[in-house]
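Encoded as structure tokens, the structure appears first; notes follow it.
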Amino acid sequence: MHGRFSVPRSPQGHPVLIQAGDSAEGRDFAAATADAIFTLHGSYDAGRDFYADVKGRAVRHGRRPEDLLVLPGATFVLGDTDADAADRAVEVRRAQVGPQTAIAFLEQIWGRDLSGYDADGPLPAIDPDVDNVSITRGRVRHARDPRTVAQEWRDLAAAKGGLSIRETVIEATSRTSFIGSARTVAAELDRYVQGDACDGFILIPHLTPGGLDAFADTVVPELQDRGSLRTEYTGTTLRENLGLRPTARPATDTTRRTSA
Amino acid sequence: MTARKQIRLGAHFPGVNNTTVWSDPAAGSQIAFDSFAHFARTAERGFFDFLFLAEGLRLREHRGRIHDLDVVGRPDTFTVLAALAGVTGHLGLAGTINTTFNEPYELARQFATLDHLSAGRAAWNMVTSSDAFTGENFRRGGFLAREDRYTRAREGVDVCRRCGTAGPTTPSSPTAAPGCSCATAASPTCTTRRASSTCTAGSRCRAARRATRC
């Protein structure tokens, strides 16, 4: 860079920094640098382990635990009752993973053309082609050995009484999902936060653009009643609303001069 | 009494990947501004901290064809967020922006501008993908070795921080406008040159060989 920066200092100084990536290097980068980490660690127990790990890393980088927010991605399905929501969640998963999608998922693991297989039939008996790593281009690759993943899927299918390809993909690719009545979902989200499995969530609705409507109308008031969600915005910036400390000039900023 | 821990909420705009259901009669456009505005206003009505946009720089290909199970097309993040700044007042605006293929100085300008337009609501979700398939459409191509991703990301953040915090602290004051000599003491100029900012396509970037001069 040369010369003076061409935009005056903005209200936050720099944007709130979110880091996505679960590798050890990614975690360390987040612990040293980010204000929030977007993770996929889903279950309550896995969340608590991840939370302790990255907050500990932040402290080792000279930061406070609360300087780094842990925000897992999560889906949700709401219903009038828990049973109603459970039924709807099954429908949503079947809509998300149709026969074609199931075969495409399978091909990404197996590294082979599996278009001749029936999505309602059993998993292929043949093993993954581990040399064909480029069957799908432009997506984040699984770092794990596809043969290991394939075996896990076979074990899963067998353990559940002989799942079809589509059923296996639905089971194996499920993310953390909060399913139930508004009250149930609010209680469960809050349990994660109060129990230090995370600091909040990045919610991923399954419908655009109205996928958040019911959540805002029904779950948000429940969270507010529990005293866990604001009833008005109190900060003037995103950083303030997130409870983060104001932006300082970087401590390592060798360009800093003492102001007159 | 200890204050109860507050839940932080981000709202991921749905539109790509197979998590979005398109067979539902209520499914609408993933690209019309009305869709973004509706989603953002709902998040703000629900006191969410921020709206979150993912990024799609190149359509995925599967067995040599466009992955037709993906939605075709995703608009530019900065443009959408800037438009949303005008229809919201409190909601944070988080954009997923790749640290490898974008130039740090350009990103610093874009985020500083978004932060101004939104009065302090900009957020950057940093992703470090470096695959050559995606890089093909960028000026330097697939130039970065996978193990150098975070070196490059650190550099992007560093430039963003230095530039963002180097300016006058009272940007609304006409006397503090860039180029005005009276602002010099509070806004030092600097020259930074890093290896991965200046390397050319095909070369391998070395970590943080830097020369900083003020």
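Everything numeric in this text was worked out from a predicted model, so none of it was measured. We name chains A, B, ... by the order of the sequence lines, and we start the count at 1 in each one.
- Heavy atoms closer than 4.5 Å to chain B are found nowhere in A:Y192, neither backbone nor side chain.
- Taking the charged nitrogens against the carboxylate oxygens, A:R9 and B:D115 have no contact shorter than 4.0 Å, which rules out a salt bridge.
- Within the 4.5 angstrom heavy-atom criterion, atoms from both the backbone and the side chain of B:A153 approach chain A.
- Closest approach of B:R4 and A:G227 over heavy atoms only: CD-O, 3.6 Å.
- Counting heavy-atom pairs closer than 4.5 Å to chain A, the top residue among B:A94, B:S23, B:A108 is B:A108.
- Note on A:A34, A:G26, A:A36: by heavy-atom pairs under 4.5 Å with chain B, the leading option is A:G26.
- Between B:Y150 and A:F29, the two ring planes are tilted [angle within 30° to 60°].
- Heavy atoms of A:S23 lying under 4.5 Å from chain B belong exclusively to its side chain.
- For A:T236, the part lying under 4.5 angstrom from a heavy atom of chain B is the backbone only.
- Of the inter-residue distances, the one linking A:C198 atom SG with B:I7 atom CD1 reads 7.0 Å to the nearest 0.5 angstrom.
- Of the atoms belonging to A:T75, not a single heavy atom falls under 4.5 Å from chain B.
- In terms of heavy-atom pairs under 4.5 angstrom with chain A, the leader among B:P14, B:G92, B:A37, B:S35 is B:P14.
- For A:V92, the parts sitting under 4.5 Å from any heavy atom of chain B are the backbone and the side chain alike.
- For the atom pair CG of B:D49 and CZ of A:R239, the computed distance is 12.5 Å after rounding to the nearest 0.5 Å.
- Residues B:R121 and A:N241 have side chains not in contact (no heavy-atom distance under 4.5 Å, counting atoms from C-beta outward).
- Per-residue heavy-atom pair counts under 4.5 Å with chain B were compared for A:S115, A:P221, A:A32, A:P15, and the maximum is reached by A:P15.
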Worked verdict on A:E25 versus B:T128 for side chain to side chain contact (heavy atoms under 4.5 Å, CB included): CA-CA 11 Å; A:E25 198 180 9; B:T128 55; over 6 Å; no
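- Using a 4.5 Å cut-off between heavy atoms, B:F48 contacts chain A through both its backbone and its side chain.
- Note on residues 88-102 of chain B: no pairs pass salt bridge (Lys or Arg N to Asp or Glu O under 4.0 Å), not counting sequence neighbours.
- Proximity of B:F50 to A:V16: side-chain heavy atoms (C-beta onward) are nowhere separated by under 4.5 Å.
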CA sep, side-chain torsions, deciding dist, call: B:D24, A:E91, side chain to side chain contact (heavy atoms under 4.5 Å, CB included): CA-CA 11 Å; B:D24 192 302; A:E91 289 170 25; over 6 Å; no
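- Across A:L238 and B:A122, no two heavy atoms sit closer than the pair CD2-O, 4.1 Å.
- Using a 4.5 Å cut-off between heavy atoms, A:V193 touches chain B through backbone and side chain atoms alike.
- A distance of 9.0 Å separates CD of A:E232 from NE2 of B:H90, quoted to the nearest 0.5 Å.
- Under a 3.5 Å cut-off, the side chain of A:R230 and the backbone N or O of B:Q6 do not form any donor-acceptor pair.
- Of all non-hydrogen atoms in A:A95 and B:V21, the two that sit nearest each other are CB-CG1, 3.8 Å.
- For A:L71, the part lying under 4.5 angstrom from a heavy atom of chain B is the side chain only.
- Using a 4.5 Å cut-off between heavy atoms, A:D35 makes no contact with chain B at all.
- Judged by distance alone, the side chain of A:H14 and the main-chain N or O of B:V157 form no donor-acceptor pair under 3.5 Å.
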Worked check of side chain to side chain contact (heavy atoms under 4.5 Å, CB included) between B:H38 and A:D213: CA-CA 9 Å; B:H38 177 95; A:D213 294 4; 3.0 Å; yes
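- Taking the six-membered ring where the residue is Trp, A:Y233 and B:F47 present tilted rings, their angle falling between 30° and 60°.
- If you tally non-hydrogen atom pairs under 4.5 Å between each of A:S228, A:A216, A:G73 and chain B, the highest count goes to A:S228.
- When all heavy atoms of A:T237 and B:A119 are compared, the closest pair comes out as CG2-O, 4.4 Å.
- B:A43 touches chain A through backbone and side chain together, each having a heavy atom under 4.5 Å away.
- At least one side-chain heavy atom of A:D217 sits less than 4.5 Å from a side-chain heavy atom of B:R45.
- Using a 4.5 Å cut-off between heavy atoms, B:F39 contacts chain A through both its backbone and its side chain.
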Side-chain donor-acceptor pairs of residues 200-212 of chain A under 3.5 Å, sequence neighbours excluded:
none

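- Counting only N and O atoms by type, the side chains of B:R109 and A:S6 include a donor and acceptor under 3.5 Å apart.
- Within 6.0 Å of atom CZ in A:R88, 12 or fewer heavy atoms from other residues, nucleotides or ligands are found, so the atom counts as exposed in its surroundings.
- Under a 3.5 Å cut-off, the side chain of A:Q19 and the backbone N or O of B:M126 do not form any donor-acceptor pair.
- Rounding to the nearest 0.5 Å places NZ of B:K5 at 4.5 Å from CG of A:D199.
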